[in-house]
*Asks:* 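Structure provided below as C-alpha cells; questions to follow.
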Amino acid sequence: MSESEKDTVTRLAGQLMASRQTVLPKRLVAPGPDAAELAQLFQAAAAAPDHDLINPWRFLIIPAQQRADLGELFAQALIERDPSASPDQIEQARDKAMRAPLLMLLIVDAAKASTDIDMHERVLSAGCAVQNLMLLAHAMGYGSGLTSGKALKADTFRAGLGLQASEEAICFVSLGSVSSRKPFKPRPEVQQFTQIWVGRA
C-alpha cells in the first residue's frame, strides 16, 4: 500500500469511527441487514482480539417470530423484581422486544476453554467484537445501539433464554435503518481519558 493509499484509508477509517452514533432501538426500522450483510458483520466481529482463541462470547439472534416470547420474558422479569408493576409498565416491558429489525443478545462465557483468562478480558473481547460489528454496520448505512437493564439478571429471563450458569448476558445489540436521530453528542477530550505514568510514588 502506497503512502497516499494509506493516508486515504486512515482518513476514511477515522471519519467512520468519529461519525458513528448510538441510535435508540425505537428509532431503528426496517429494512435491517440482509443475510449477506449479516455474514459480513459477523466476520467483522470475529476479528476481535481473542486471547488463546477461546471465543468467549456469542450472539443470540432473536428472530421476528420469537419477539413475542422475548416480550413475555421481559414482562416476567419486571414482575419478578416488582410484583406491583402496573399493566402499562408490563406492556412497556413487552414492547422492548418489538423494536429494531435485527435484535441480538451478546453473551459472555466465564468458563469456556481456559479459565486462566480473566472475565474482564473476555468482556473486553466481546466489546471489541460489538464495536467491529457496529462500525461496519455504520459503513453499510445502518444505525445501531446497545441496551441492557435489570431484566438481564432475572432468573426467569436467563432460564427462558437457556443461559448456562457460567454465562452472562451483557447487552442487546439492535440494528436497522435510522428513522430519526438525536443531536450528535460531543466526544470527550483526549486529556479526559489519558494520563502519562510518572513512575512509582
Side-chain angles (χ1 to χ4, degrees), residues 20-46 55-110 112 123 126-127 129-138 140-182:
R20 192 206 64 78
Q21 181 183 24
T22 294
V23 182
L24 294 177
K26 65 182 179 181
R27 299 176 187 272
L28 296 173
V29 298
D34 60 25
E37 290 172 323
L38 189 56
Q40 288 181 279
L41 292 171
F42 286 141
Q43 287 170 358
N55 187 212
W57 44 265
R58 63 187 176 97
F59 291 96
L60 181 64
I61 303 170
I62 313 297
Q65 64 269 27
Q66 300 300 331
R67 295 294 186 93
D69 288 345
L70 178 64
E72 286 306 312
L73 292 180
F74 274 123
Q76 291 171 22
L78 174 60
I79 294 169
E80 181 180 310
R81 68 176 184 272
D82 183 9
S84 65
S86 69
D88 282 348
Q89 290 172 322
I90 295 171
E91 192 57 36
Q92 288 172 8
R94 287 193 182 98
D95 185 58
K96 292 177 181 179
M98 304 303 172
R99 302 167 184 169
L102 176 59
L103 181 63
M104 304 179 288
L105 181 63
L106 175 66
I107 299 166
V108 174
D109 193 339
K112 188 173 182 180
V123 173
V130 169
Q131 182 73 340
N132 284 358
L133 185 149
M134 293 173 74
L135 285 173
L136 185 56
H138 178 48
M140 291 175 173
Y142 297 111
S144 61
L146 306 180
T147 51
S148 57
K150 295 179 180 178
L152 299 184
K153 303 295 184 183
D155 291 339
T156 52
F157 194 88
R158 290 176 52 82
L161 291 172
L163 299 187
Q164 301 300 311
S166 62
E167 291 184 316
E168 290 293 334
I170 304 299
C171 65
F172 279 100
V173 184
S174 300
L175 285 89
S177 299
V178 181
S179 62
S180 62
R181 294 182 184 272
K182 286 189 173 182

*Asks:* So Met104 and Leu60, side-chain contact (heavy atoms from CB on, under 4.5 Å) or not? Walk me through it.
*Replies:* CA-CA 5 Å; Met104 304 179 288; Leu60 181 64; over 6 Å; no

*Asks:* In terms of the angle between their ring planes, are Phe157 and Phe74 parallel, tilted or perpendicular, with boundaries placed at 30° and 60°?
*Replies:* tilted

*Asks:* Got a second to check how far Leu146's CG is from Gln131's CD, nearest 0.5 Å?
*Replies:* 8.5 Å

*Asks:* Measure across Ala97 and Leu103 and return the closest heavy-atom pair with its distance rounded to 0.1 Å.
*Replies:* O-CD2, 4.0 Å

*Asks:* According to side-chain hydrogen bond (donor to acceptor under 3.5 Å, both in side chains), who are the partners of Glu72, at least two apart in sequence or on a separate chain?
*Replies:*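 For Glu72, the residues satisfying side-chain hydrogen bond (donor to acceptor under 3.5 Å, both in side chains) (neighbours in sequence not counted) are Arg94.
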
*Asks:* Roughly how far, to the nearest 0.5 Å, is the OH atom of Tyr142 from the CG atom of Leu102?
*Replies:*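 Here the interatomic distance stands at 9.5 Å.
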
*Asks:* So does Asn55 get a backbone contact from the side chain of Lys112, meaning a donor-acceptor N/O pair under 3.5 Å?
*Replies:*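 Judged by distance alone, yes, a pair lies under 3.5 Å.
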
*Asks:* With rounding to the nearest 0.5 Å, note down the distance linking CG in Leu136 to CG in Leu41.
*Replies:* 5.0 Å

*Asks:* How would you list, by chain and number, every residue that makes a side-chain hydrogen bond (donor to acceptor under 3.5 Å, both in side chains) with Arg67, sequence neighbours excluded?
*Replies:*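 Result, side-chain hydrogen bond (donor to acceptor under 3.5 Å, both in side chains) vs Arg67: none returned.
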
*Asks:* Keeping Glu80 on the side-chain end and Ala154 on the backbone end, is there a donor-acceptor pair under 3.5 Å?
*Replies:* no

*Asks:* Roughly how far apart are Phe59 CZ and Phe42 CZ, rounded to 0.5 Å?
*Replies:* 6.5 Å

*Asks:* Are Leu73 and Leu161 close enough, and set up right, to give a side-chain contact (heavy atoms from CB on, under 4.5 Å), and what steps lead you there?
*Replies:* CA-CA 9 Å; Leu73 292 180; Leu161 291 172; 4.0 Å; yes

*Asks:* Under a plain distance cut-off of 3.5 Å, with no hydrogens placed, do Ser179 and Arg27 share a side-chain donor-acceptor pair?
*Replies:* no

*Asks:* Would you confirm whether Asp109, through its side chain, and Pro56, through its main-chain N or O, come within 3.5 Å as a donor-acceptor pair?
*Replies:* no

*Asks:* I'd like to know if the side chain of Ser177 and the backbone of Pro31 have a donor-acceptor N/O pair within less than 3.5 Å.
*Replies:* yes

*Asks:* Supply the atom-to-atom distance Met140 CE to Leu175 CG, rounded to the nearest 0.5 angstrom.
*Replies:* 9.5 Å

*Asks:* Tell me, do Thr147 and Lys96 make a side-chain contact under 4.5 Å, heavy atoms counted?
*Replies:*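 No; the side chains remain at least 4.5 Å from each other.
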
*Asks:* So which heavy atom on Arg20 is nearest to which on Ser144, and how close?
*Replies:* NH1-OG, 4.5 Å

*Asks:* I'd like to know if Lys153 and Glu168 make a salt bridge, using a cut-off of under 4.0 Å between side-chain N and carboxylate O.
*Replies:* yes

*Asks:* Measuring from atom CG of Leu105 to atom OG of Ser148, what distance do you get when rounded to the nearest 0.5 angstrom?
*Replies:* 10.5 Å

*Asks:* Without swapping roles, check the side chain of Gln43 against the backbone of Leu38 for a donor-acceptor pair under 3.5 Å.
*Replies:* no

*Asks:* Do the non-hydrogen side-chain atoms of Val23 and Arg181 ever get within less than 4.5 Å of each other?
*Replies:*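 Answer yes - side chains close enough.
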
*Asks:* Could you walk me through whether Arg58 and Glu167 pass side-chain contact (heavy atoms from CB on, under 4.5 Å), step by step?
*Replies:* CA-CA 10 Å; Arg58 63 187 176 97; Glu167 291 184 316; 3.0 Å; yes

*Asks:* Ignoring hydrogens and angles, state whether a donor on the side chain of Asp88 or Ser86 is under 3.5 Å from an acceptor on the partner side chain.
*Replies:* no

